[in-house]
Undergrad: 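To start, I am sharing the structure in question, which I have written as structure tokens.
Residue numbers begin at 1 in each chain, while the letters A, B, ... track the order of the sequences. Here the structure is a predicted model, which means the values were calculated and not measured.
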Number of protein chains: 2
Amino acid sequence: MNIKDVAERSGLPAKTIRYYEDIGLIRPLRSANGYRSFRESDLHKLAFLARARSLGFSIEDCRTLLALYEDRSRASSDVKAVAEAHLHKIAEKIAELRAMEATLSHLVQSCAGDGRPDCPILAGLGDGAKPQAGLAVAAECCS
Amino acid sequence: MNIKDVAERSGLPAKTIRYYEDIGLIRPLRSANGYRSFRESDLHKLAFLARARSLGFSIEDCRTLLALYEDRSRASSDVKAVAEAHLHKIAEKIAELRAMEATLSHLVQSCAGDGRPDCPILAGLGDGAKPQAGLAVAAECCS
DNA sequence: CTTGACCTTCCGGTTACTGGAACCGCCAGA
DNA sequence: TCTGGCGGTTCCAGTAACCGGAAGGTCAAG
């Protein structure tokens with residue numbers, strides 16, 4: 001299989017597949033012409049990666065999970081530990097976002113949103129009215 | 001005021017403040033020795049930025065909000081529009097994370113987490129058992 | 001033989017910083 | 001006067017996980 005086929009079948013862009021090879025997540029063979037030649041097992045791994053990524057696992061988590069996936073003598077506790085750690089991160093993130101949402105929706109609700117300049121949103125940002133402990137500055141929240 | 005003072009008073013690292021000058025969010029004066037010299041107005045802007053960032057606004061949103069903050073003849077509707085757009089993004093993100101959380105917690109619950117290799121988590125990632133429409137691959141979810 | 005769809009590598013850009021190197025300014029103490 | 005130490009400065013590289021595009025090689029069809 002060439003890259004376009006696995007891209008379609010795995011749902012990952014060809015660019016991403018090349019990147020995954022670059023960072024050592026997969027090791028497809030090469031044909032005589034230099035093209036990547038994917039086996040069924042490569043496709044399985046890519047599909048695995050696509051699903052793990054869609055659940056929000058980091059690339060490094062994916063690397064770990066893939067190694068466990070390949071290791072027929074793994075302990076399921078190892079897998080579970082990775083998944084639970086990730087679940088905690090997700091929960092934290094949700095809590096953080098909900099705090100933002102709460103604060104911001106209060107501000108938005110109190111803003112007339114008309115042609116006048118008076119704006120409680122800007123006022124709230126300007127004075128320290130809502131310093132909200134627990135809201136990290138480096139919050140990288142939304143895309 | 002030198003940079004360390006505004007850093008302490010605004011809660012932003014000095015590095016970040018230099019960065020904000022770099023990208024044109026603030027324009028502090030310079031002393032004869034080349035040091036940045038911050039006015040009270042610079043400090044206000046930095047505090048504003050710190051709070052806007054803590055609510056998850058992007059730098060570009062912050063730029064817009066700061067311009068509105070400075071513009072005494074703004075319409076509050078403009079501010080509200082930016083805030084509401086951001087609120088939508090937050091809500092989407094929360095929904096996405098909750099979908100991940102739901103799927104993953106099911107998998108985790110069904111995993112024995114013992115020394116045996118059988119693992120429903122890996123099985124779920126391996127076959128397409130939980131393709132979950134709506135879960136984007138490029139989900140950049142957690143830190 | 002040419003066209004067009006594929007494939008390849010490499011480079012740069014994205015977001016919002018952070019860390020570090022190398023260097024300069026300023027003040028206090030020995 | 002020299003030295004230390006804590007400021008300050010710039011610039012470069014790296015982070016996560018890719019995406020876009022350029023320049024060029026390959027292959028099957030017409």
Undergrad: Could you tell me whether the side chain of A:Tyr20 reaches within less than 4.5 Å of the side chain of A:Arg53, counting heavy atoms only?
TA: yes
Undergrad: Whole angstrom is fine here: how far is it from CD in A:Glu60 over to P in D:dC18?
TA: 12 Å
Undergrad: To the nearest angstrom, how far is B:Ile26 atom CD1 from C:dA16 atom P?
TA: 16 Å
Undergrad: Tell me: CD1 of B:Ile23 to C1' of C:dT18, nearest whole Å?
TA: 14 Å
Undergrad: Identify whether the distance between the nearest side-chain nitrogen and carboxylate oxygen of A:Lys89 and A:Glu96 falls below 4.0 Å.
TA: no
Undergrad: Return each pair, listed once, that meets side chain to side chain donor-acceptor pair (under 3.5 Å) where at least one residue sits in residues 22-35 of chain B; pairs must be two or more places apart or across chains.
TA: B:Glu21-B:Arg30
Undergrad: What's the spacing between B:Arg36 CZ and B:Ile17 CD1 if we round to 0.5 Å?
TA: 9.5 Å
Undergrad: OH of A:Tyr19 versus P of C:dG12: gap in Å, rounded?
TA: 18 Å
Undergrad: Using the test side-chain hydrogen bond (donor to acceptor under 3.5 Å, both in side chains), find all partners of A:Arg63 that sit at least two apart in sequence or belong to another chain.
TA: A:Glu60
Undergrad: Flag the pair B:Phe57 / B:Val82 as yes when at least one side-chain heavy-atom distance between them is below 4.5 Å, and no otherwise.
TA: yes
Undergrad: A:Lys93 NZ to D:dA16 C1': how many Å, rounded?
TA: 13 Å
Undergrad: Can you check the A:Asp22 CG to C:dG12 P distance for me, whole Å?
TA: 16 Å
Undergrad: Run the side-chain contact (heavy atoms from CB on, under 4.5 Å) test against A:Phe48 and tell me which residues pass, sequence neighbours left out.
TA: A:Leu65, A:Leu66, A:Tyr69, B:Leu122, B:Leu125
Undergrad: Over the length of the helix from C:dC1-D:dG30 to C:dA30-D:dT1, how much do the five-pair end axes diverge, rounded to 10 degrees?
TA: 40°
Undergrad: Measuring from A:Ser105:OG to B:His86:NE2, what's the distance to the nearest 0.5 Å?
TA: 11.5 Å
Undergrad: Could you write nucleotides 5-10 of chain C as a row of B, S and -, 5' to 3', where a protein heavy atom under 4.0 Å of any base atom gives B, of only sugar-phosphate atoms gives S, and otherwise -?
TA: -BSBBB
Undergrad: With sequence neighbours excluded, tell me which residues meet salt bridge (charged side-chain N to carboxylate O under 4.0 Å, His left out) with A:Arg39.
TA: A:Asp42
Undergrad: How many whole angstroms separate atom CZ of A:Arg63 from atom C1' of D:dA17?
TA: 12 Å
Undergrad: Starting at atom CG of B:Asp61, determine the distance to atom P of C:dT15, rounded to an integer number of angstrom.
TA: 12 Å
